[in-house]
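So the structure is just underneath, and the comments pick up after that.
Ligands are counted one by one from 1 in listed order, and the atoms in each one are counted from 1 as well. All of these numbers come straight from a predicted model, not from anything done at the bench.
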Amino acid sequence: MDKIIIEGGYRLEGEVTISGAKNAVLPLMAACILTEGKNTFTNVPDLADVRTMSKLLRILGAEVEFEDGVLYVDTSKLSNWIAPYELVKTMRASVLVLGPLTARFGRSRVSLPGGCAIGERPIDQHLKGLGLLGAKIHIEEGYIETFASRLRGNIIPFDISTVTGTENIMLAAVLAEGDTMILNAACEPEVVELANVLNKMGARIKGAGTDIITIKGVDRLYPIDGYQIMPDRIETGTFMVASALTKGDILIKGCRFENVGAVVGKLLEAGVDISLVDGGIRVKGSDRVKSIDITTLPYPGFPTDMQAQMMTLMSIADGLSVITETIFPQRFMHAGELRRMGAEIKLVGSSAVVKGVPYLSGAPVMASDLRASASLVLAGLAARGKTQISRVYHLDRGYEKLDKKLESLGARIWRESE
Ligand code: EPU
């Protein structure tokens with residue numbers, strides 16, 4: 001197992017290119033289950049989660065290859081509808097195969113995801129939606145079992161906005177008989193990406209990106225060739241914070257400004273200099289940032305996946321900041337580790353009250369989940385002295401070569417085996 005070591009205090013400067021989005025590619029891989037033949041995607045990030053989803057697709061009978069950012073998924077010989085516990089327990093997004101397996105095989109057996117470091121994450125809305133599409137559902141021996149000779153379109157009113165819930169129901173309803181209308185649908189750009197790809201495969205989806213999505217069921221979908229995965233908006237935001245924290249000057253290339261509006265807004269409020277330039281977003285940090293309040297919300301609100309990174313920035317800001325989590329109210333595992341580096345953070349219910357200190361100091365810390373790991377790497381870049389982050393496999397699940405990219409910007413960062 002690797003650990004990351006960072007010698008803090010170096011200003012980041014230069015250009016960085018954003019990789020393909022983890023949370024876009026995973027549902028697209030699940031969408032391949034609905035096709036019969038060879039699908040290819042480009043700009044695919046080399047991530048542990050992509051490898052896990054590849055393993056799962058192979059178990060289902062697909063041939064999957066990945067080389068230089070190109071992913072090949074051949075679903076001609078798909079023959080199995082069981083997603084085993086051993087894989088699902090390592091990646092919750094595996095549950096995205098539930099809808100497409102039910103649509104393609106009329107049945108599925110998918111391990112029920114268990115607890116998670118960022119809080120309770122039920123999938124009741126996924127199951128409610130599939131039930132409304134006519135699937136019979138049982139929970140047996142820790143597995144969800146679904147049966148439906150053919151799914152039927154229906155109105156699916158979600159109780160809350162759920163990203164993978166919306167995706168799972170879209171993935172099921174595209175091959176259903178008749179029309180489906182999803183109400184209170186998630187509006188995240190990754191949902192739009194999935195709808196675009198499904199439409200290219202032959203589906204008839206309208207309204208993705210709004211909270212009402214309509215789907216006209218079709219009889220079959222066709223493989224897609226050479227689709228380029230959208231850039232990762234959370235990686236983009238993470239580099240923006242890295243520049244702000246180190247008083248740096250970074251040009252972030254290959255990203256989409258329109259997808260990071262809420263993060264840009266908050267950084268501007270904190271006093272960070274951000275401009276849209278030819279080729280990307282330029283982020284310049286200068287003086288100590290001002291403390292600001294942040295509340296996480298569904299898109300286009302401030303993303304929960306950027307909450308931990310902003311907490312690091314607020315740890316050394318001037319003043320008092322209140323960070324409120326409305327998506328995953330217990331997603332604060334990083335707070336205790338940041339405290340080990342000198343941050344002053346108090347947790348009050350689903351809020352963190354952060355009193356900015358003049359500086360953080362390097363310490364051995366432990367990563368607990370993907371975005372918490374990113375917040376600790378960021379803290380290490382800004383801290384005085386050496387920071388040692390263990391359990392970095394969490395980071396490798398969702399950031400492509402983060403340490404190498406930071407090194408190329410001037411950070412003193414390297415890996416050692418534990
Ligand atoms: N929820 C329910 N019931 C459900 C589904 C969700 O109560 O059936 C609740 C959740 O517990 C949470 C809220 O609804 O309180 C929103 O959860 P959502 O379903 O939207 O989250 P998700 O689909 O499981 C995706 C991302 C997460 C990201 C969240 C929120 C993927 C693969 N994962 O998860 O990404 O934090 O949306 O934006 O798209 C990450 O990348 O680090 C990550 C955790």
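For ligand 1, the protein residues within 4.0 angstrom (heavy atoms only) are Lys22, Asn23, Ala93, Ile118, Glu120, Arg121, Pro122, Ile123, Asp124, Gln125, His126, Ile160, Ser161, Thr162, Val163, Thr164, Thr304, Asp305, Ile327, Phe328, Arg331, Leu370, Arg371.
Open room surrounds CD on Glu120; 12 or fewer heavy atoms of other groups in view lie less than 6.0 Å from it.
Tested against Phe158, the residues Ile182, Asp211, Leu183 include a single side-chain contact (heavy atoms from CB on, under 4.5 Å) partner, Ile182. Between Tyr399 and the choices Lys405, Lys22, Arg371, Glu235, the side-chain hydrogen bond (donor to acceptor under 3.5 Å, both in side chains) rule is met once, by Arg371.
Contact check for Trp414 versus Glu407: no side-chain heavy atoms found under the 4.5 Å cut-off. Two residues are said to be in side-chain contact when any heavy atoms from C-beta on lie closer than 4.5 Å; Met230 and Pro189 meet this criterion.
Summarising the geometry, atom CG belonging to Asn168 is positioned 8.5 Å from atom OG1 belonging to Thr162; distances are rounded to the nearest 0.5 Å.
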